[in-house]
Amino acid sequence: MIIQKSYKFYAAHRNEELPDKCSNIHGHRYGVICHFEVERDGAISTLFGDFDRLVEPLLKDNYDHSMLIHENDPLYETLQGHMERTGECLRLKVMPRPTSVENLAYVLFTEITDLGFRLERLDIQETDTSIIHYSREDWLSDRAVFETEATANR
């Protein structure tokens, strides 16, 4: 059985690798729809609040009103220097790859799975007209590639 839950957060990012407007810092109101795979146990499978109790703090504490930034983006070093010089604490969600919606889907899928949930699919709406559907198969495929890359880079 699939239980679907929707969440939202606001975040800034940029795609430093793209030669277009997306290389500039800009923000989105991200919509996240989780498709949780659950087993029925008696009259109910899972209380909806069980998902919210773990997923909402993950999004609020790590993503909402933050800047998604790639750890190799030159701007990241600049922002770290700024925080050291001024004592200002910027909320940065550091990501191991460029902050595309595809890479965001991989990171979120991983983090939500690490909370103990089994996701069938994760949908992320980046703009009013753009949604990515990221499946468990996509995640398993990406994970194999990313782990192979990580091993090769050691």
> Counting only heavy atoms not in E77, do more than 12 sit closer than 6.0 Å to its CD atom?
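No.
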
> Determine whether H70 and N103 make a side-chain contact, defined as any pair of heavy atoms from C-beta on separated by less than 4.5 Å.
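Answer no - side chains too far apart.
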
> Using every non-hydrogen atom in the two residues, find where F9 and L108 come nearest and quote the distance to one decimal.
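Closest heavy-atom pair between F9 and L108: CE2-CD1, 4.4 Å.
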
> If you take all heavy atoms of M67 and L79, which pair is closest and at what distance?
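Heavy atoms of M67 and L79 come nearest at SD-CD1, 4.1 Å.
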
> For R91 and D64, which heavy atoms make the closest approach, and how far apart are they?
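Shortest heavy-atom separation between R91 and D64 comes out as NH1-O, 2.6 Å.
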
> How many angstroms lie between atom CD of E120 and atom CZ of F109, to the nearest 0.5 angstrom?
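One gets 8.5 Å once the value is rounded to the nearest 0.5 Å.
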
> Counting only heavy atoms not in D114, do more than 12 fall under 6.0 Å of its CG?
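It does: D114 CG has more than 12 such atoms within range.
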
> Kindly determine whether I124 and Y134 satisfy side-chain contact (heavy atoms from CB on, under 4.5 Å), including the steps that lead there.
CA-CA 8 Å; I124 301 179; Y134 192 81; over 6 Å; no

> Taking C-beta and beyond as the side chain, do V55 and K5 meet within less than 4.5 Å on heavy atoms?
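Side-chain contact under 4.5 Å: no.
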
> Angle between ring planes, F48 versus F51, binned at 30° and 60°: parallel, tilted or perpendicular?
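Answer is tilted, since the angle falls between 30° and 60°.
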
> Check step by step if side chain to side chain donor-acceptor pair (under 3.5 Å) holds for D138 and S141.
CA-CA 5 Å; D138 294 327; S141 176; over 6 Å; no

> Using side-chain heavy atoms (C-beta onward) and a distance below 4.5 Å, is L75 in contact with I25?
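Heavy-atom side-chain distance check passes, below 4.5 Å.
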
> Could you give the distance from CZ (R118) to CD1 (I2), rounded to the nearest 0.5 Å?
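So the gap between those two atoms works out to 9.0 Å.
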
> Under 4.5 Å between any side-chain heavy atoms of N15 and T99, yes or no?
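Answer yes - side chains close enough.
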
> Less than 4.5 Å apart, any side-chain heavy atom of L122 and any of W139?
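SC-SC contact between L122 and W139 ruled out.
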
> Using the side-chain contact (heavy atoms from CB on, under 4.5 Å) rule, take V101 and S130 through it: C-alpha gap first, then chi angles, then the decisive distance, then the call.
CA-CA 10 Å; V101 71; S130 302; over 6 Å; no

> Contact between L68 and Y30 at the side-chain level, heavy atoms closer than 4.5 Å - yes or no?
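Yes - at least one pair of side-chain heavy atoms lies under 4.5 Å apart.
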
> Heavy-atom distance under 4.5 Å between the side chains of D123 and S6, does that happen here?
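In short, these two side chains do not touch, never coming nearer than 4.5 Å.
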
> Could you check H28, K93, M95 and say which one makes a side chain to side chain contact (heavy atoms under 4.5 Å, CB included) with L104?
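The option that passes is M95.
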
> Apply ring-ring contact (aromatic ring centres under 6.0 Å, His included) to residues Y106 and F146 and explain how you reach the verdict.
CA-CA 10 Å; Y106 173 78; F146 296 157; 4.8 Å; yes

